[in-house]
Amino acid sequence: METLNRVLMPEAGVAIVVLAVLLVLMAILLGREIHRGRALRARLDQMTRGATDGSFEGALNHHIDAVRTIQGDMAQLETAVSVLQAGLPLCLQRCGMVRYNAFDDVGGEQSFSVALLNAVGDGVILSSVRSRNSVQVYAKACANGKPSHTLSHEEELALERSRT
């Protein structure tokens with residue numbers, strides 16, 4: 001029997017070493033899996049943050065409700081943008097101005113003509129003519145780019161500048 005123990009003992013020592021190595025490897029793998037589990041739990045907690053019950057289904061329902069609300073808001077914004085785009089051609093968006101000396105004895109280019117038109121050419125041409133003793137202001141309507149009255153050279157130049 002003693003001979004049998006001497007023969008089996010070296011194998012038992014090897015078996016113990018192998019088992020110890022396997023135990024260390026299993027401990028390392030267990031630690032890695034625990035770390036992965038914690039990371040997964042953190043991601044799940046982040047995803048279910050908006051849910052009242054903390055479940056994935058609750059979070060998904062919360063996000064679906066948020067998307068529906070945003071879709072409604074987007075529809076309202078699209079309607080508002082359409083209204084603004086429809087009115088945009090009527091807004092003043094083309095301007096041209098010319099400053100000049102209306103009289104030889106008045107300097108500083110204090111007289112001016114300005115054309116204020118929308119996209120289709122409707123608007124007004126304003127002129128302010130300054131002399132030494134007075135200031136005269138004139139307004140001429142413009143429809144489809146055509147003035148209602150004969151224009152001075154400066155008014156024509158202001159109208160031309162509004163087109164560029």
Side-chain angles (χ1 to χ4, degrees), residues 25-164:
L25 286 174
M26 288 181 68
I28 291 171
L29 290 174
L30 179 63
R32 193 174 111 201
E33 290 303 315
I34 289 172
H35 177 71
R36 288 177 62 192
R38 285 181 182 158
L40 185 60
R41 181 65 189 178
R43 287 176 50 200
L44 182 62
D45 288 345
Q46 185 178 11
M47 288 175 61
T48 59
R49 195 173 331 158
T52 54
D53 61 355
S55 70
F56 185 73
E57 183 179 355
L60 188 58
N61 286 332
H62 173 75
H63 290 299
I64 288 171
D65 291 342
V67 167
R68 286 187 180 135
T69 300
I70 290 170
Q71 285 175 333
D73 293 346
M74 286 295 296
Q76 289 176 348
L77 286 173
E78 287 172 358
T79 301
V81 167
S82 295
V83 168
L84 290 173
Q85 285 177 331
L88 192 60
L90 304 176
C91 296
L92 292 179
Q93 47 187 287
R94 294 172 30 197
C95 303
M97 184 176 95
V98 176
R99 291 179 56 125
Y100 57 95
N101 292 323
F103 302 102
D104 292 335
D105 61 340
V106 178
E109 293 185 335
Q110 296 298 309
S111 298
F112 67 89
S113 294
V114 63
L116 304 169
L117 306 172
N118 63 15
V120 295
D122 295 343
V124 64
I125 301 169
L126 300 173
S127 292
S128 172
V129 179
R130 182 181 182 277
S131 67
R132 285 200 176 271
N133 300 326
S134 67
V135 175
Q136 305 287 323
V137 178
Y138 304 96
K140 298 176 182 174
C142 194
N144 291 323
K146 304 214 185 307
S148 60
H149 295 79
T150 304
L151 300 180
S152 69
H153 171 70
E154 293 80 10
E155 290 169 333
E156 286 178 2
L157 188 55
L159 181 60
E160 183 60 35
R161 287 183 180 175
S162 74
R163 293 179 179 147
T164 59

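Numbers here simply count residues along the sequence, with the first being 1.
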query = CD/Gln136 to OG/Ser127 distance, rounded to the nearest 0.5 angstrom?
reply = 11.5 Å

query = So do the side chains of Arg32 and His35 get within less than 4.5 Å of each other, counting heavy atoms only?
reply = no

From Leu77 atom CG to Leu84 atom CG, the distance as rounded to the nearest 0.5 Å = 10.5 Å

note = CZ (Arg41) and CD1 (Ile34) are apart, to the nearest 0.5 Å, by 15.5 Å

query = Any side-chain heavy atom of Asp65 within less than 4.5 Å of one from Arg68?
reply = yes

ask   = Which pair of non-hydrogen atoms, one from Ser162 and one from Gly96, has the smallest distance, and what is that distance?
value = CB-N, 3.6 Å

query = Where do Leu159 and Gly145 come nearest, in terms of heavy atoms and distance?
reply = CD2-O, 4.0 Å

ask   = Quick one: does Gln110's side chain have a donor or acceptor within less than 3.5 Å of a partner on Gly108's backbone?
value = yes

ask   = Do Arg161 side-chain atoms and Cys95 backbone N/O form a donor-acceptor pair below 3.5 Å?
value = no

remark   = Separation between CE (Met26) and CD1 (Ile28), nearest 0.5 Å, reads 12.0 Å

Considering all heavy atoms, the nearest Val114-Phe112 contact = CG1-CE1, 4.1 Å

query = Arg94 and Val120: which non-hydrogen atoms are nearest, and at how many Å?
reply = NH1-C, 4.4 Å

ask   = What pair of heavy atoms forms the shortest contact from Leu116 to Leu126, and how long is it?
value = CD1-CD1, 4.5 Å

task = Using atom types as modelled and distance alone, determine if a side-chain donor or acceptor of Asn118 lies under 3.5 Å from a backbone N or O of Cys91.
result = no

ask   = How many angstroms lie between OH in Tyr138 and NE2 in His149, if you round to the nearest 0.5 Å?
value = 12.5 Å

task = Test Gln76 against Asp73 for side chain to side chain contact (heavy atoms under 4.5 Å, CB included), laying out the working first.
result = CA-CA 5 Å; Gln76 289 176 348; Asp73 293 346; 4.2 Å; yes

query = Going through the distances and angles, do Asp122 and Asn144 end up as a side chain to side chain contact (heavy atoms under 4.5 Å, CB included)?
reply = CA-CA 5 Å; Asp122 295 343; Asn144 291 323; 4.0 Å; yes

query = Looking at CE of Met74 and OG1 of Thr79, how far apart are the two atoms once the value is rounded to the nearest 0.5 Å?
reply = 10.5 Å

Nearest atoms (heavy-atom pairs only) where Ala102 meets Ser111 = CB-OG, 3.4 Å

ask   = Hey, mind stepping through Glu33 and Arg36 against side chain to side chain contact (heavy atoms under 4.5 Å, CB included) and telling me if it holds?
value = CA-CA 5 Å; Glu33 290 303 315; Arg36 288 177 62 192; 3.3 Å; yes

query = Counting only N and O atoms by type, is there a donor-acceptor contact under 3.5 Å from the side chain of Asn101 to the main-chain atoms of Glu109?
reply = yes

